[in-house]
> 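Let me give you the structure first, and then I'll get to my questions.
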Amino acid sequence: MRVPVLTYHAVNIAGNDYATNDHVALASDLRTINRLGLRVVPLQWVVEQRLGLTTRDLSACVALSCDDGSDFDFRDLEFREHGLQRSFFNILGDFVSEHGAAEQPHLNMTSFVIASPEARAHIDRGALDGRGWMSEDWWPEAETSGLMTIGNHSWDHNHPAIPAPGVDGMPRGSFLDVDNEKRADAEIADAARYINARIAPRRSRLFCYPFSHIPAFVHDDYLPRRGADIGLLAAFGDGAVPVTMASDIWNLPRYICGWHWRDPQALCGILDASAQA
Ligand SMILES: [Zn+2]
């Protein structure tokens, strides 16, 4: 297995071309992936394979994720001077409408959302425009649509837009400060409980580290010990290599749009490299 995991941020909207807009990039990348004869599969399939729970043929496959769970993941919205933005969810739907459901029968993107409503309200005001763009009402519909899966991106991202301190006196702005049981329970287990209650009877199975910060306590101790109880199968960082059977289950690698690639040619390079056995 050598599956590249591609990651997008729906609030990366600084213009309306590939380099400045992750929505434009995703729409283009889906067509590139399809043209190259690659299959998009749910991120959870990659994890299940890595864990030995399944023996699917995942050769020539790609998985998709997106982070932070703003409403731009799910609904079309006007953004500042850049106008109407097609949501990631609707970009996936557009692909199905254009090519038919059989072309990419397992097309799916995992949306890693922030659980806490208070945290989302602060982020909405502090990092967006205070327009209510960090809601949760779309999570169940996304989850049951078959096109999106809801993942766990922590309780509050320990985001700098949220009043300090966090639980147990934690300073804001870095996930590396999640360095003990109390903080990890608050950031990971509480988030799982909240998200799972909203998408029940489904459950979030995957965690993604905020800021791609991998605290040693969480990675080495907390998740290996507590992950299964919380319902988590794996956690994702930003390693920028394909997922293989040797990948670290509590720090699975992903490629980030706008960082690890900025144009379709660079994406082709990532996809070509992943195809080499
Ligand atoms: Zn994030």
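For clarity, every value in this text was computed on a predicted model and none was experimentally measured. Remember, it's 1-based here, ligands and their atoms both numbered in the order they're listed. Counting begins at 1 with the first residue of the sequence.
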> Indicate whether any N or O donor in one side chain lies under 3.5 Å from an N or O acceptor in the other, for D168 and N180.
yes
> Report whether V41 and I270 are members of the same hydrophobic cluster (ILVMFWY, side-chain heavy atoms less than 4.5 Å apart, transitive linking).
no
> Under 2.8 Å from the Zn ion (ligand 1), which protein N/O/S atoms are there?
D68 OD1, H153 NE2, H157 NE2
> Quick check: do V11 and W133 have side-chain heavy atoms less than 4.5 Å from each other?
no
> Which residue is it: N90, L92, N108? I am looking for the one with a side-chain contact (heavy atoms from CB on, under 4.5 Å) to L147.
L92
> Can a salt bridge be assigned to the pair E143 and R198 using a cut-off of 4.0 Å between side-chain N and carboxylate O?
no
> Would you say R31 and E98 make side-chain contact, with heavy atoms under 4.5 Å?
yes
